[in-house]
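Working notes, beginning with the structure itself.
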Amino acid sequence: MTIQTSKADKATIVQALNWALDDAMAADDQVIVFGEEVADPEGGGLMKVTQGLSTKYGSRVRSTPISEMAFTGAAVGAAITGMRPVIEIMLMNFLAVCMDPITNHAAKLRFMSGGQTSVPMVIRTMTGSGFQTGGQHSDFLEAWFCHTPGIKVVMPSNAADAYGLMLGAIRDPDPVLFVEHLLSYWTPGEPPERGKAIALGKARIARPGRDVTLIGYSRSMMDLPVVAQKLAGDGIDCEIVDLRTVSPLDMDTILGSVRKTGRVVIVHEAVKSFGVGAEVASRIYESLFRELKAPIARVASKDAPVPFAKHLEAAFLYSHAEIEAAVRGTLL
Amino acid sequence: MTIQTSKADKATIVQALNWALDDAMAADDQVIVFGEEVADPEGGGLMKVTQGLSTKYGSRVRSTPISEMAFTGAAVGAAITGMRPVIEIMLMNFLAVCMDPITNHAAKLRFMSGGQTSVPMVIRTMTGSGFQTGGQHSDFLEAWFCHTPGIKVVMPSNAADAYGLMLGAIRDPDPVLFVEHLLSYWTPGEPPERGKAIALGKARIARPGRDVTLIGYSRSMMDLPVVAQKLAGDGIDCEIVDLRTVSPLDMDTILGSVRKTGRVVIVHEAVKSFGVGAEVASRIYESLFRELKAPIARVASKDAPVPFAKHLEAAFLYSHAEIEAAVRGTLL
Amino acid sequence: MNAAPDSRTLLAIYRKMSAIKHNDERFISTMLAGRLSMPYYSARGQECIPAAISVLLRDDDYLVTIYRGVHDMIAKGVPPRLIWAEFAGRSTGTCKGKGGPMHVTHPESGCMVTTGIVGAGMPIGCGLALSAQLRGDGRVTVTNFGDGASNIGAFHESMNLASVWKLPLVFVCQNNRYAEHTALATGTSIERIADRAASYGMPGLHVDGNDPLAVYAAAQEAIERARSGGGPTLIEAMTFRFNGHLIGDSGDYIPKPEYAAAVAADPYPRYRRWLADNGHANAGELDAIDAAIKAEVDAAMQFAFDSPLTDVAEVTRDVFADHAA
Amino acid sequence: MNAAPDSRTLLAIYRKMSAIKHNDERFISTMLAGRLSMPYYSARGQECIPAAISVLLRDDDYLVTIYRGVHDMIAKGVPPRLIWAEFAGRSTGTCKGKGGPMHVTHPESGCMVTTGIVGAGMPIGCGLALSAQLRGDGRVTVTNFGDGASNIGAFHESMNLASVWKLPLVFVCQNNRYAEHTALATGTSIERIADRAASYGMPGLHVDGNDPLAVYAAAQEAIERARSGGGPTLIEAMTFRFNGHLIGDSGDYIPKPEYAAAVAADPYPRYRRWLADNGHANAGELDAIDAAIKAEVDAAMQFAFDSPLTDVAEVTRDVFADHAA
Ligand SMILES: Cc1ncc(C[n+]2csc(CCOP(=O)(O)OP(=O)(O)O)c2C)c(N)n1
Ligand SMILES: Cc1ncc(C[n+]2csc(CCOP(=O)(O)OP(=O)(O)O)c2C)c(N)n1
Ligand SMILES: [Mg+2]
Ligand SMILES: [Mg+2]
C-alpha cells in the first residue's frame with residue numbers, strides 16, 4: 001500500500017483515498033480513523049478505503065459498534081482537543097441517525113464558543129444509485145449539509161482530486177463532509193501527486209468550451225464528458241465545471257465560465273427539488289441575470305425515493321438524453 | 001377549551017391549533033397525540049398547544065420519555081395501521097436526533113411498499129429566533145424536508161391558516177411536517193371556521209399588488225405587510241404571497257403573481273444558502289425567465305448559527321431595511 | 001401454563017423451516033446463474049427462530065423485520081411467489097419491485113415494514129403495538145433485529161418506551177454473533193444481549209435459536225404476556241448465518257473452527273433428526289414436505305419470471321397519494 | 001485505597017458550593033430586575049455534585065455539561081466574571097456572547113462543551129476521553145447529564161462505546177427527578193438509572209447527590225478507575241432543582257410535599273451544619289467564605305456590565321476559520 005511509486009500509470013479512487021489517509025496519518029499522529037469495520041480484522045472498510053491502516057497505525061484506527069451517534073460525537077470531542085478524526089459513515093443515508101453531532105455540534109462549536117474551539121474532523125461517506133440497494137441506501141443528501149453553516153461539503157469525482165481533497169479536508173480547520181461515489185471507486189484515473197493537498201472551495205474546469213457551461217460534481221462528472229463529446233460532434237462546445245467542493249461554492253470559477261458562455265446546465269444525482277442546483281442557479285442569476293442567454297436548466301434525479309428494480313432505478317436517475325436535451329434547450 | 005363560540009373576535013395560533021387538535025380528535029378516534037410533555041400532568045405541551053386534550057381523550061394523548069427517535073418511529077408504525085398520530089418535537093433543532101424515522105421511513109414507506117401502506121402522520125414542531133436561546137434552539141431546517149420526496153412541509157403564519165392547515169394535515173394521507181413559529185403563537189388573528197380544513201399545497205395572496213411580488217411564509221409574514229405598507233407610501237404596490245405549504249410549492253399561485261408583477265423578493269428566516277428561496281427562485285426563472293424585469297432577490301438570515309446575545313440575534317435575522325432595499329433593487 | 005407443541009405444530013415449524021431453506025437456496029442459485037440481481041442477505045442458519053415463533057402468531061399479528069428478513073417474512077406467511085416477483089422487479093411483486101429485498105411489505109400477512117436501517121424497526125414496532133393497544137384488537141407485534149443492532153440508540157429508546165407504555169411487543173434479537181464483519185465482542189460490552197432487558201424492567205430471555213422447542217417456549221411466554229397486557233419481552237436467540245453478511249461475502253473474518261461448529265449445529269438437519277427420533281414424523285414424511293416445498297419454490301420462481309416488469313412510470317408514483325402519476 | 005477528604009478539601013467543596021449558590025441567586029435577581037435576559041436553567045439545589053467531584057479533578061481534566069450547567073462550570077474553574085460577561089452579551093464573555101448559557105466553553109479550565117441537546121454531551125465526552133487515551137496525557141473526562149437524558153439513544157451508544165474502548169470517562173447523571181415537567185417514572189422504566197450501567201459491563205454507583213462525602217467517595221473511585229486505565233463509570237447522584245426547569249417555571253407539576261421535602265434536604269445549609277458540627281469550620285469562618293464569594297459575585301457582575309457589547313460584525317465571524325469577516 002505504501003510502496004506505490006510515482007511511476008504508476010493510473011490510480012483508482014479507492015487507492016487514492018487509501019494513500020491520502022496513509023500519508024496524513026504518517027505525517028501527523030493526531031490523525032485518527034474510526035467507523036464501522038474500518039480496521040483490518042473487520043476488512044478495512046466497506047469499500048476497503050482504510051485497508052492496511054489499522055495494521056500500520058494500531059489503535060489510531062478502530063472499528064466501532066453500530067453507533068453512529070456515539071462515534072460521530074466522539075469525533076467531535078476528539079477534534080476539539082486538536083486531533084483530526086476521519087470517520088466513516090458507511091452509507092450516506094445513515095447520516096440520518098447522526099445528524100445531531102454533525103449539524104448541531106460539529107458545524108456550530110467554533111461559532112458558539114466564540115472561536116475558542118474548532119472541529120477539524122472529516123466525515124467520509126459513500127452513496128450512489130445503480131446497485132439495486134433501494135430506497136434507504138443510495139440517496140444524495142449533500143443539500144442538507146450545504147444548508148448548514150459551519151460545515152464544508154466535498155464531493156470528488158476522480159482519483160487525483162480525491163487524494164488532494166482528502167488531504168485538504170484533513171488539514172482544514174473545520175468539519176468537512178466528504179462524499180464518495182460508489183460507482184466511481186474503481187475507475188482508473190490520473191494518479192495523485194503524493195503529499196500535495198488541494199485547497200477546499202476551488203472548482204475545476206474539467207473541459208474548456210465556449211457555448212454552454214455544464215456544472216456537475218461526483219457522479220455527473222462521469223456523464224458530462226460523454227455528453228459534451230457527443231455534442232461536440234454537432235458543433236456544440238461545452239465547458240464543464242467540476243465543483244468538487246459543493247459548499248462553499250466557488251462562484252469565481254462558476255461565474256467566470258458563465259460570463260463566457262451565457263448558458264448553463266446543472267446536473268446532479270440528488271433529487272432536483274430544493275437541491276444544490278437551485279442554489280447554484282440562484283447565485284448565477286443574482287450575478288449575471290442580464291448576461292444569461294437562456295434560463296438555466298437543472299437535470300437531476302426524479303423527485304422520488306430510489307426504487308429497487310434495475311430498470312426503475314435507471315429511470316429514476318437522469319439520462320444522457322435528458323442532459324443533451326437540456327443543453328440543446330439553452331441554445332434555442 | 002371546547003366552549004369557544006364563533007362569536008370570538010380574534011384567536012391566537014395557540015388557540016387555533018388547540019381547537020384543530022380537539023376537533024380532529026373528536027371527529028376521528030384514530031387521531032392520537034404524543035410527544036414530550038403534551039399531556040396535562042406535564043403541562044399540555046411546551047407552548048400549551050395540547051392543553052386539555054389528555055384530560056378529554058385519555059390515553060390517546062401521551063407524554064413520552066425524551067426519546068425522539070422512538071416516539072417518532074412509533075408514530076410511523078401507528079400511522080401505517082391507519083391511525084393518525086400528531087406528534088410534537090419540542091423544537092425544530094431536535095429533529096436532528098430523529099431524522100431517520102422521518103426521512104428514511106415516513107417519507108418513503110408508501111413508495112417502497114408499492115403503495116400498500118401510507119403514513120398519515122403529522123410532526124408538529126416549533127422554532128424561531130428572538131428568544132436568546134442560541135445556536136441549538138432556533139434554526140429553520142425546512143429545506144432538509146423539502147428536499148425529501150414523500151413528506152409535505154406546512155408553515156402557517158396566522159390563526160385561521162394554522163387551524164385549517166392542521167386539520168388538512170391530519171386528514172392528509174401522507175406525512176406532514178408542521179412548523180409553528182414561536183413568536184407568532186400569541187398574535188391575535190381572524191378566528192378559524194371550525195371543522196373546515198385547508199387543503200395542503202395552496203398558497204394565499206395575503207395582499208394584492210401590481211409592482212413586486214413578495215414571497216414569504218411563517219415569520220416573514222409578520223414582516224412583509226409592514227414593509228409593503230411602508231412602500232405603498234412611496235407608490236410601490238407589493239403583492240404578498242404566503243406560501244403556507246412550502247413543499248409541495250404552489251407554483252400556479254406564485255407564477256400567477258409573478259406574471260403580473262415581473263419582480264420578486266423572497267424572504268425567509270432560514271439561512272439563505274441552499275434554502276427554500278433558491279428553489280422558489282429557480283422555478284420562477286425556469287417558467288418566466290423572459291418575463292422577469294429584474295433578478296429575483298432573496299432576503300434571509302445570515303449564513304451562520306444563531307447567536308445568543310440579543311443585539312447579535314437581531315443582526316442575524318434579516319431586517320425590514322434589507323427587505324425594503326431588495327424591493328427597491330428590483331425596481332432599478 | 002404453557003404447553004409443549006404437539007406434532008402438528010412441530011411439523012408446521014418444520015414446514016416453515018423447509019420453505020425458508022429452499023427458497024433461500026434457490027434465490028442464491030438463481031443469482032449465481034445471473035437470472036436475479038440484488039443485494040441478498042441470506043438468513044440460512046437462522047430459520048428456526050421465525051419458524052418456531054410464527055406458529056404462535058395470528059395472521060393479523062404484526063411483523064417488523066430487517067434486510068436479513070426473508071425467513072421472517074416466509075414464516076409469517078408472505079407468499080414466496082410475491083417475494084420472488086418483488087426481487088425480480090415485477091409488477092406482481094409485493095411492492096411492485098419498488099422495495100426490493102430490504103423493503104418487503106405485505107400487510108395481509110402482517111408484514112408491515114422491512115427496513116435497511118439498523119435499529120429502525122424497533123421504534124416502528126412500538127407504534128404498531130401502540131395501535132393494537134389503543135384499538136384493543138389483541139394483536140401482538142414481533143420486531144426482529146440483529147446482535148449488532150443492540151448497540152444503536154433506537155434499541156434503547158424503543159425498549160424503554162415499550163416498557164413504560166407496556167406495549168404488546170416482542171423484541172427478537174437474532175444473535176448470529178456478527179454484525180457485517182464485526183464480531184459481537186468488538187461492538188458490545190457484555191456477553192448476553194438479553195441482560196439488557198433489565199435496564200427497562202423488562203423480562204429478557206436468552207435461548208438457543210437453533211432449538212425450535214426453546215424458541216417456541218420463549219415465544220409462547222412472550223406472546224402470552226404481550227397479548228394479555230403484560231407488556232414487552234426481549235428474546236435473544238443464539239444462531240449463525242452461514243452465507244456471510246451478504247452474498248459475495250468471503251467470510252474471512254470468521255475463524256474457521258467457529259464456522260465449522262456453527263455449521264455442525266445447523267438447525268435444519270438437527271431438527272429433522274429430532275423429529276424422526278422422537279416419532280413426530282419419519283424421513284419419508286419429511287422428504288414429502290420438502291418435495292412439496294420445492295415444487296412451490298419452482299412455481300414461485302416461474303410466477304415471478306412470467307410476470308411483466310413493472311412499468312417505468314411507477315418511478316414517480318406512490319411518492320404521495322395524490323402525486324401526479 | 002480511597003481516603004476521606006481532609007478539612008482543606010471539605011472547605012474547598014464548601015467554597016465551590018457557595019460560589020455556585022451565590023452566583024445563581026444573583027443571576028436570578030439580576031434577571032428579575034430586568035438587567036439580564038436569557039433562558040436560565042438554575043441548578044440551585046444541585047451544587048454539591050460538581051463541587052465534590054471537582055476537587056478531585058485536575059485543571060486540565062475535561063468537562064462536558066448541559067444547559068443546566070453553571071454549577072458544573074463554576075466548580076470546574078470557569079471564572080464567574082467570564083460567565084457573567086457571556087450572559088450579558090459582552091465581548092469579554094467566554095464566547096463573546098455568541099454561545100450564551102447553553103453553550104459556555106472555556107478550554108483553559110477544561111470546560112470543553114456545553115450543549116442544549118439532551119444526551120448530546122455523552123458522545124462528545126467519549127471523544128475527549130479517546131483523545132486523552134490516545135495521547136496518554138492522563139486526563140479524565142466528566143460528562144454531566146440529567147435523569148431524563150438517560151432515555152435517549154445517545155446515552156446508550158456512549159455508555160457502550162466508552163465501555164468497549166475502556167475510555168477514561170465518568171458519566172455523571174444528576175438525577176433531579178424531573179425532565180422539564182416530566183417525572184422520572186413517566187419516562188423511565190426502572191428506579192435507579194445507575195442500574196443501567198450493567199448493560200455495558202460498567203460499574204454503576206448510586207449516591208445521595210446532596211451529600212458531599214458520598215459524592216466525593218463515588219467520584220474518587222470513578223476518577224481513579226478512569227485515570228488508571230480501568231475504564232468508565234456511571235454515577236447517579238440523587239438531587240433536586242429548586243427553581244424549576246427554567247426561570248419562569250411555575251413548578252405546578254411538582255407535588256407540594258415532594259418539593260417541601262427536597263427543600264428541607266437543601267445541600268447547602270445541610271453541609272454548613274455538618275462542617276460546623278464536625279469541627280471543620282465554625283460559623284464565622286463559613287460566613288467569611290460566603291462574604292468573600294459575594295464580593296467576587298459583585299465584581300464579576302460589575303466586570304460584565306462594564307465590558308463592551310460584542311461587535312455586531314461577530315455575527316458572521318467564527319463560522320469557518322477562514323470565513324471572510
Ligand atoms: C444505521 C445503520 N448503520 C449501518 C448500517 C450498515 N449495516 C447493515 S447491516 C449491518 C450489520 C448489522 O448486524 P446485526 O444487527 O447483527 O444483524 P445481522 O446482519 O447480523 O442479521 C450494518 C452495520 C445500516 N444499515 N444502518
Ligand atoms: C433531544 C432533545 N429533546 C428535547 C429537548 C428539550 N429539553 C430540554 S431540557 C429537557 C429535560 C431534560 O431533563 P434531564 O435530562 O432530567 O435534565 P435536567 O433539565 O433535569 O437537568 C428537555 C426535554 C432537548 N433539549 N433536546
Ligand atoms: Mg448479527
Ligand atoms: Mg432532571
Side-chain angles (χ1 to χ4, degrees), chain A residues 34-46 48 54 62-73 90-91 93-98 100-101 129-139 182 271-273 301-317 319, chain C residues 36-40 67 86-91 93 95-104 114-120 146-155 178-184 186-189 245-246 249-250 252-253 309-320 323:
Chain A
F34 49 97
E36 288 153 25
E37 330 221 306
V38 299
D40 290 330
E42 291 76 38
L46 180 66
K48 313 277 178 220
S54 74
R62 301 184 183 199
S63 292
T64 63
I66 310 176
S67 309
E68 282 83 358
M69 216 168 348
F71 76 75
T72 305
M90 203 179 261
L91 288 173
N93 279 85
F94 310 158
L95 288 168
V97 302
C98 57
D100 175 67
S129 64
F131 299 89
Q132 292 197 254
T133 49
Q136 294 177 336
H137 280 63
S138 26
D139 279 332
L182 287 166
V271 302
K272 187 196 282 185
S273 288
S301 293
K302 308 292 168 291
D303 282 333
V306 184
F308 159 73
K310 199 151 200 79
H311 65 296
L312 301 181
E313 213 183 5
F316 165 81
L317 185 69
S319 66
Chain C
L36 256 190
S37 125
M38 59 178 170
Y40 182 60
Y67 51 90
E86 180 64 20
F87 292 2
R90 310 296 155 143
S91 63
C95 314
K96 302 187 271 187
K98 295 164 82 164
M102 289 202 254
H103 305 300
V104 169
T114 301
T115 184
I117 305 294
V118 168
D147 44 294
S150 78
N151 299 319
I152 204 162
F155 167 88
Y178 286 88
E180 297 212 349
H181 304 173
T182 305
L184 186 62
T186 304
T188 304
S189 46
H245 179 57
L246 88 177
D249 177 351
S250 69
D252 288 347
Y253 53 91
L309 281 173
T310 299
D311 184 359
V312 292
E314 281 289 342
V315 94
T316 51
R317 282 196 201 124
D318 301 323
V319 178
F320 293 109
H323 203 277

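Residue numbering restarts at 1 for every chain, and letters A, B, ... go by the order of the sequence lines. Everything quoted here is computed from the prediction, not taken from an experiment.
Annotation: maximal heavy-atom pairing with chain A below 4.5 Å, among C:Ser150, C:Gly148, C:Ser189, occurs at C:Gly148. Among C:Ala120, C:Gly116, C:Ala154, C:Ala149, the residue with the largest count of heavy-atom pairs under 4.5 Å with chain A is C:Gly116. Put simply, of A:Gln132, A:Glu37, A:Glu68, A:Lys302, the one with the most heavy-atom pairs under 4.5 Å next to chain C is A:Glu37. Of the listed residues (C:Val118, C:Thr186, C:Asp311, C:Thr310), the greatest number of heavy-atom pairs within a distance under 4.5 Å of chain A belongs to C:Thr310.
Considering only heavy atoms from C-beta on, C:Ser91 stays 4.5 Å or farther from C:Leu309 through its side chain.
With a threshold of 4.5 angstrom between heavy atoms, C:Asp252 does not approach chain A through any atom at all. Looking at A:His311, the atoms closer than 4.5 Å to chain C (heavy atoms on both sides) sit in the backbone and in the side chain alike.
Evaluation of the side chain to side chain donor-acceptor pair (under 3.5 Å) rule for A:Asn93 yields A:Asp139, B:Asn104 as partners, not counting sequence neighbours. Residues forming a side chain to side chain donor-acceptor pair (under 3.5 Å) with A:Gln136 (at least two apart in sequence, or on another chain): B:His105, C:Thr115.
Aromatic pair A:His137/A:Phe94: ring centres closer than 6.0 Å.
Among all heavy-atom pairs drawn from A:Pro307 and A:Phe316, the shortest one is CD-CB, 3.6 Å.
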